Amino acid sequence: MKILFMGTPDFAVFSLSSLIDSNHKVAAVVTQPDKPKGRGYHLLPPPVKVYAEEKGIPVYQPMSLKGEEFESLLRDIAPDVIVVVAYGKILPKNVLDYPRFGCINVHGSLLPEYRGAAPMQRAIIDGKKFTGITTMYMADGIDTGDMLLKSEIRIEDNDNFEDIHDKLGLCGAELIVKTLDALEKDGIERIPQDEAQATYAAKITKEDCLIDFSLSARRVHDLIRGLSPIPLALTHTPDGKLLKIWKAETSSLSASGKNFGEVISLDDGIHVACGDGSVKLLGVLPEGKSKMSASDYIRGRKLNIGDILK
RNA sequence: CGCGGAGUAGAGCAGCCUGGUAGCUCGUCGGGCUCAUAACCCGGAGGCCGUGAGGUUCAAAUCCCACCUCCGCAA
């Protein structure tokens, strides 16, 4: 099939790559415009653009998908199918209706659970044991369209967002090719989503990142790994400084009689009392510094037993 | 010109404001104690204090200037 690929971040590169290597043809790539990012606001191209250019595929970065301009681009490319992976904008109806085989989305969850922007992070934060990839037809509404194929993976106890991101990236790369192959050959049964089962995985906000030590140690740990290595769960030291956590594990130390967030031991990590049990922080990122191990951080004499993190 | 922090021994930091012998917690090496040890005791090695044949000064890690590099926030 002749594909128009639409995607933006690293996660989309997995799928783009496998489509390029497949029997289908990626005719063009549409991605978000370069945006000022990072320190100093330098203009940075999205990963999909960088990759597509390496592969010599034409890249388009329209400001808007509405209107005549994009529609004429569509006609020029004349794709059989549009594959969308984390593109970052809503596709207007005329675009959805254009390709013969429709617009197909690669979504990082087992729909109808975790529709929305942050399915992988939310699944980990919620302590789920499984997640996966769903390929689906795009429709009005966010991730509400009919489902095509699914692929499930296990979330291991210590998997963080990066682990799941990479696993699902590969998983999605495989599944999208399978989906197109099957569609072209025999077709696939469309499975409507059960609205009653649907949940929504909203974008991660600053508030989501703040660790609530009154939760159980298990849930604190889930939050930390669900947000690592980006954007990272955070707390504050007694001097009011930001302290981000990139690695932790549940600890066997008892927290009874301690305040939530109280540092109860600095042995081999920062043990912090939670609502139920305690967690051992192993990797931290102090404000203005780079990532370091908790033991290095402790060596700089930044924390004492009895200090409260909040 | 988005805002801000930091570059001192292999690691994490202090010292800088109020210039004048380079310090802490670890690691490492050697020795001791111990049935033994990641524990404890003693001792040692390891630093052009980011760069500048820069500026000020009798004297600069410390004050001034320029540059380089790294990082946090914000997007």
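Naming convention: chains lettered A, B, ... in sequence-line order (proteins, then strands); numbering from 1 in each chain. What you see is a predicted model, and the numbers here were worked out from it, not measured in a lab.
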Both distances below 3.5 Å, Watson-Crick or wobble geometry, any strand: find the nucleotide opposite [N].
| N | answer |
| --- | --- |
| B/C3 | B/G72 |
| B/A53 | none |
| B/C16 | none |

Query raised in the report: Using a cut-off of less than 4.0 Å, is there contact between a side-chain N or O of A/Lys289 and OP1 or OP2 of B/C13?
Result: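 Looking at the OP1 and OP2 atoms of B/C13, one of them is under 4.0 Å from a side-chain N or O of A/Lys289.
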Grab the [atom1]-[atom2] distance between [X] and [N] for me, whole Å please.
| X | N | atom1 | atom2 | value |
| --- | --- | --- | --- | --- |
| A/His42 | B/C1 | NE2 | C1' | 11 Å |
| A/Leu234 | B/G72 | CG | C1' | 12 Å |
| A/Glu287 | B/C3 | CD | P | 17 Å |
| A/Leu43 | B/G2 | CG | P | 12 Å |
| A/Asp268 | B/A39 | CG | P | 12 Å |
| A/Leu303 | B/C13 | CG | P | 13 Å |
| A/Asn304 | B/U25 | CG | P | 15 Å |
| A/Met292 | B/G7 | CE | P | 12 Å |

Between [M] and [N], how far apart are the [atom1] atoms? Round to whole Å, please.
| N | M | atom1 | answer |
| --- | --- | --- | --- |
| B/G27 | B/A9 | C1' | 11 Å |
| B/G50 | B/A39 | P | 32 Å |
| B/G30 | B/C70 | P | 37 Å |
| B/A45 | B/C3 | P | 47 Å |
| B/G2 | B/A11 | C1' | 34 Å |
| B/C48 | B/C41 | C1' | 35 Å |
| B/A66 | B/U21 | C1' | 31 Å |
| B/G4 | B/U8 | P | 23 Å |

Query raised in the report: With a cut-off of under 6.0 Å to the ring centre and 45° to the axis, is A/Arg225 in cation-pi contact with A/Phe161?
Result: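 Cation-pi check for A/Arg225 and A/Phe161: fails.
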Requested in this report: Tell me whether the guanidinium CZ or amine NZ of A/Arg154 lies under 6.0 angstrom from the six-membered ring centre of A/Phe130 and within 45° of its axis.
Outcome: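 Pair A/Arg154/A/Phe130 counts as cation-pi.
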Nearest to the side chain of [X], which nucleotide is it out of [options]?
| X | options | value |
| --- | --- | --- |
| A/Ser290 | B/A11, B/C71, B/A75 | B/C71 |
| A/Arg299 | B/C13, B/U25, B/G72 | B/U25 |
| A/Tyr41 | B/C13, B/G2, B/G72 | B/G2 |
| A/Lys37 | B/A75, B/G12, B/G2 | B/A75 |
| A/Asp296 | B/G2, B/G72, B/A11 | B/A11 |

Query raised in the report: If you find the nucleotide of RNA chain B closest to A/Leu285 and the one closest to A/Ile298, which residue's nucleotide is nearer the 5' end?
Result: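 It is A/Ile298 whose nearest nucleotide is closer to the 5' end.
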Requested in this report: Hey, which sits more toward the 5' end of RNA chain B by its nearest nucleotide, A/Lys206 or A/Arg39?
Outcome: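 Whichever sits nearer the 5' end wins; that is A/Arg39.
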**Report entry** Expected output: side-chain A/Lys2 to main-chain A/Ile77 donor-acceptor under 3.5 Å
**Finding:**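 Flag set: sc A/Lys2 to bb A/Ile77 pair under 3.5 Å.
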Requested in this report: Using atom types as modelled and distance alone, determine if a side-chain donor or acceptor of A/Ser214 lies under 3.5 Å from a backbone N or O of A/Gly275.
Outcome: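 Not confirmed, A/Ser214 side chain does not pair with A/Gly275 backbone.
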Query raised in the report: So, A/Lys241 and A/Glu287, do they make that salt bridge, N to O below 4.0 Å?
Result: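 Looking at A/Lys241 and A/Glu287, the cut-off is not met.
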Query - Note, A/Thr31 side chain near A/Val59 side chain (heavy atom, < 4.5 Å) - result: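 The answer is yes, as the side chains (C-beta and beyond) meet within the 4.5 Å cut-off.
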Requested in this report: Kindly compute the distance separating CD1 (A/Ile155) from NZ (A/Lys128), expressed to the nearest 0.5 Å.
Outcome: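 Between atom CD1 of A/Ile155 and atom NZ of A/Lys128 there are 9.0 Å.
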